[in-house]
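Protein chains get the first letters and strands the later ones, always in sequence-line order, with residue 1 at the start of each.
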There are 2 protein chains.
Amino acid sequence: MEGGLKPMDAEQLRENAHKMVDFIADYYKNIESFPVLSQVQPGYLHKLLPGSAPNQPESLQDVLDDVQTKILPGVTHWQSPDYFAYFSSNSSVAGFLGEMLSAGINMVGFSWITSPAATELEMIVLDWLAKLLKLPDDFLSTGQGGGVIQGTASEAALVVLLAARDKVLRTVGKDAIGKLVAYASDQTHSSLQKACQIGGIHPENCRLLKTDKSTEYALSPESLSAAISHDIAVGLIPFFLCGTVGTTSSTAVDPLPALGQITKSNEMWFHVDAAYAGSACICPEYRHYIDGIEEADSFNMNAHKWFLTNFDCSALWVKDRNALIQSLSTNPEFLRNKASEANLVVDYKDWQIPLGRRFRSLKLWMVLRLYGLENLQSYIRNHIALAKHFEELISQDPRFQVVAPRKFSLVCFCLLPPHDKEDCANILNADLLDAVNSTGKLFISHTKCLVLSGKYTLRFAVGAPLTEERHVNEALKVLQDKATSLLQTL
Amino acid sequence: MEGGLKPMDAEQLRENAHKMVDFIADYYKNIESFPVLSQVQPGYLHKLLPGSAPNQPESLQDVLDDVQTKILPGVTHWQSPDYFAYFSSNSSVAGFLGEMLSAGINMVGFSWITSPAATELEMIVLDWLAKLLKLPDDFLSTGQGGGVIQGTASEAALVVLLAARDKVLRTVGKDAIGKLVAYASDQTHSSLQKACQIGGIHPENCRLLKTDKSTEYALSPESLSAAISHDIAVGLIPFFLCGTVGTTSSTAVDPLPALGQITKSNEMWFHVDAAYAGSACICPEYRHYIDGIEEADSFNMNAHKWFLTNFDCSALWVKDRNALIQSLSTNPEFLRNKASEANLVVDYKDWQIPLGRRFRSLKLWMVLRLYGLENLQSYIRNHIALAKHFEELISQDPRFQVVAPRKFSLVCFCLLPPHDKEDCANILNADLLDAVNSTGKLFISHTKCLVLSGKYTLRFAVGAPLTEERHVNEALKVLQDKATSLLQTL
């Protein structure tokens, strides 16, 4: 960097960061000119960069030139308006500014004392968000519960699984770990299985109960009850249920009230994963999807998915924060301090896997303040309207079929094979996925969940911050054109 | 935000982000005017902010005013030149720019295909850093090993502990989890105990072996061998050793070559935690501290501590990446893609706890390029010279005693009580800590590790990016003045 090593010189920061702002603003100005899904081949970058770090400093301009010519071609543009894959991971001006400010302060907020504002703002902002979602008061920081920002829904699922595990092991003895059983539907996110692997729950004791079209791929309370009864009968110990509101494959919604009754009577921990769909519940007309949340022990939604808050920001609320702390606290001497010892404060290090943590509440606070509830509701409604628009258009093309009910901003559909070639349905749709994604004009993804009849299913998920109706229309056109070409080759 | 909801409008981003740059640059310009350790009381922020999120948008200026008047007073300023607590967590212009760019792109790089550049740059940059540290080739991505950026050293320790756990359980059967034993010195970071808790290793099977002054608080190979033999004799299964290069309390260095021989002959996983001191090993004169690293299975250093890379950026290298992947992979249909199925690429989701991940390699790449190796070496050497300077000055004051050998940039010391009041040594030093930290003029921390003779010991850790000799001199003066006052009251 020009002018020798002044690693945090205010004026050097000012000058260079202004350049970076323009670079990033220009990126957004031109974002539609990039292929959405990167078209590079494995190993491409190795050929473009030197084999070792430089001895002498290089200029920011050289680095930015490399970003433009070597890095951006290898980026899949999640913020592109033509991004319809997986679920979105929204950025926004407010989210970006919050991330900048957090990086500017660069504190490590493991304990209250290492930056009281970081802990306290997180408690306040998660209370704000809990109120927007109309969560029961038990989840607020004013009682025995509270919210915490995790990196991802995977970490949220892991920490509550550990809390639940240790709670039951304190009663039945730690050698009984091999008897613990966790439950979820076969539509639940893979992070639950991973959490079980990590926490030492036997893989065969992670029950992913079969769902089907009769419940619109939601977990059936009857099948949960039956599984629990069977497990108890053979001496196993049911301890954890993960219900999902808005599954990854098809946004199915598990019936929380009935599931909550079952976990209550079996003294199990009930976690609700609304990583994607939770955001929609700030709109009164979608709030009913989390009716029954009062029976849950923990609730998770990803503000970094569909709430304009830069990745990562996964909001987790628990009713009993002590259960988390009993599993995750360590209290070495070098971190002791008066405020913590006097039990006056929250030390979020004991609510999460890592010790250190960033000032992530800043970005969520800025999103809430710079946009306000009404704008955020409009934003969600607009995406759902765009998905509905896509669903209507593709339903009008008889070559396509919508294969699962649309509840939020995801449409699951497939291209139908000709009647005499029904056995090539899966290949046809896999080929269509490849064909459209290879154009670089849009990016969609797929699922092949057993429950969606084992069909290779295409997923069109609206959620990028710049998506407008014209992008949806254009995406449909590419899909239709590629379908025409593929059907002709059959 | 002015002008309605255009959540990622390029010109709105440009205008507002320029304002944020100036806000952050001004913060650094004035950083010495803040109390280093925040002086607020628990619950202070609750009184200053409203009880719920606004319905209507507010202006950026309003938010920045609140940051200035309500948030910054609650921040402990880790980047202040007067910050000497814990270990530092460096920011820098380059690290900040990298974080900005990562937030600007805001992609979620769980699999190669979700942004090939993110995975490939991470592999390349960690190979670069491995070469600067002269790690054995086994740790490079070109063989069976490779590097990965974890959030924190805690996560690094956890993932390798899980890999080691599952490797041995595949041989002895998963019901033997209660027999597994992990080892480390009583100086090891609390993250090891936490990793054991999470992974279901029985707390009483996490052996923290006693160290003392005779080994300068390093783990003694003899005591390790004895513990292992005893455990084997009673039917337990030693599986994991964490050696530390630069312990938290006193920067002790465990004897890697001898420890490596022991783990090898007992077929245990050998993890080396050099979270803090690893950075110094880019200087030839400090590289010998990791001699013996060729016997380790994994090695960790935090680029976010002392390597000018914004938090979080913890670099972990393993020799056998498949051991990690076998523990941590899940492969749901919705994430399947040709590149991954063909085994052509690395999918970092299978090397870590979370699924999603940020583009953290950008900031490390920018630090390496914008500063270059020689500047980074000078930076490390300067901090060590400043610590040596402090050590010399405080040694000249007979009221103080340096209580552990200084190896890097940490000085451990205490204020000696008068001869007739030796029993108040701990209270005296605790009072001194409070007295200096309450001035807001500097921030230091303490330790009371049993091994440092149980003494309440003060820690003076040089490492903030703006620290110069004058800050060290001024800190010493405050310490001496407060010592004078305290001794007068005895």
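Contact of A:Leu162 with chain B is made through the side chain alone, with heavy-atom distances under 4.5 Å. Both the backbone and the side chain of B:Met100 come within contact range of chain A, with heavy atoms under 4.5 Å apart. Heavy atoms of B:Asp26 lying under 4.5 Å from chain A belong to its backbone as well as its side chain. Using a 4.5 Å cut-off between heavy atoms, A:Pro50 contacts chain B through both its backbone and its side chain. For chain A, the nearby part of B:Ser329 is the backbone; its heavy atoms alone come within less than 4.5 Å. Looking at B:Pro73, neither its backbone nor its side chain comes within 4.5 Å of chain A, counting heavy atoms on both sides. Both the backbone and the side chain of A:Ser89 come within contact range of chain B, with heavy atoms under 4.5 Å apart. In this structure, chain B has heavy atoms under 4.5 Å from both the backbone and the side chain of A:Ser91. Interface remark: B:His189 contributes side-chain atoms only to the contact with chain A (heavy atom separation under 4.5 Å). Proximity to chain B (any heavy atom under 4.5 Å) is restricted, for A:Ser154, to the side chain, taken from C-beta onward. The part of A:Val345 that comes within reach of chain B is its side chain, from C-beta onward, which places non-hydrogen atoms under 4.5 angstrom from that chain. Using a 4.5 Å cut-off between heavy atoms, A:Met366 touches chain B through its side chain atoms alone. When heavy atoms are compared at a cutoff of 4.5 Å, B:Leu37 approaches chain A solely by way of its side chain, counted from C-beta outward. Looking at B:Ile177, only its side chain comes within 4.5 Å of chain A, counting heavy atoms on both sides. In this structure, chain B has no heavy atom under 4.5 Å from any part of A:Asp127. In this structure, chain A has heavy atoms under 4.5 Å from both the backbone and the side chain of B:Tyr44. Of the two parts of B:Leu132, only the side chain, counted from C-beta on, holds a non-hydrogen atom closer than 4.5 Å to a non-hydrogen atom of chain A. Within the 4.5 angstrom heavy-atom criterion, only side-chain atoms of B:Leu466, from C-beta onward, approach chain A. Interface residue B:Leu344: backbone and side-chain heavy atoms are both found under 4.5 Å from chain A. With a 4.5 angstrom heavy-atom cutoff, A:Leu169 does not touch chain B via any of its atoms. For chain A, the nearby parts of B:Ile353 are the backbone and the side chain; heavy atoms of each come within less than 4.5 Å. With a 4.5 Å cut-off on non-hydrogen atoms, A:Lys338 touches chain B through its side chain but not through its backbone. For chain A, no part of B:Ile31 is nearby; none of its heavy atoms comes within less than 4.5 Å. Only the side chain of A:Glu11 has a heavy atom closer than 4.5 Å to any heavy atom of chain B. For B:Ile71, the parts lying under 4.5 angstrom from a heavy atom of chain A are both the backbone and the side chain.
Across A:Val108, A:Asp9, A:Leu355, the residue that shares the most heavy-atom pairs under 4.5 angstrom with chain B is A:Val108. For the set A:Glu99, A:Lys131, A:Lys29, A:Gln197, the count of heavy-atom pairs under 4.5 angstrom toward chain B peaks at A:Gln197.
In this structure, B:Trp128 and A:Pro54 approach most closely via the heavy-atom pair CZ3-CD, 4.2 Å.
Side-chain N or O atoms of A:Ser92 include one that pairs as donor or acceptor with a backbone N or O of A:Leu308 at under 3.5 Å. A donor-acceptor pair under 3.5 Å links the side-chain atoms of A:Lys194 to the main chain of B:Leu328, judged by distance alone. Between the B:Asp62 side chain and the B:Glu58 main chain, no donor and acceptor come within less than 3.5 Å of each other.
Applying the side-chain hydrogen bond (donor to acceptor under 3.5 Å, both in side chains) test to B:Trp112 and every residue at least two apart in sequence or in another chain returns B:Glu120. Checked against ring pair (Phe, Tyr, Trp, His ring centres under 6.0 Å), B:Tyr27 has the following partners two or more places apart in sequence or in another chain: B:Phe34, B:His77.
Taking a 6.0 Å sphere around NE2 of A:His202, one finds it holds more than 12 heavy atoms contributed by other residues, nucleotides or ligands.
If you check the side chains of A:Gln193 and A:Ser190, you find no donor sitting under 3.5 Å from an acceptor. B:Asp312 and B:Thr152 form no side-chain donor-acceptor contact under 3.5 Å, judged by distance and modelled atom types alone. For A:Arg459 and A:Ser445, the side-chain atoms include at least one donor-acceptor pair closer than 3.5 Å.
Taking CG of B:Leu370 as the start and OG of A:Ser59 as the end, the distance is 8.0 Å to the nearest 0.5 Å. Atoms CG and CZ, from A:Asn106 and A:Phe359 in turn, are 12.0 Å apart once rounded to the nearest 0.5 Å.
Between A:Arg369 and B:Asp66 a salt bridge is recorded (basic side-chain N to carboxylate O distance below 4.0 Å).
Two rings, from B:Tyr86 and A:Phe110, have their centers less than 6.0 Å apart.
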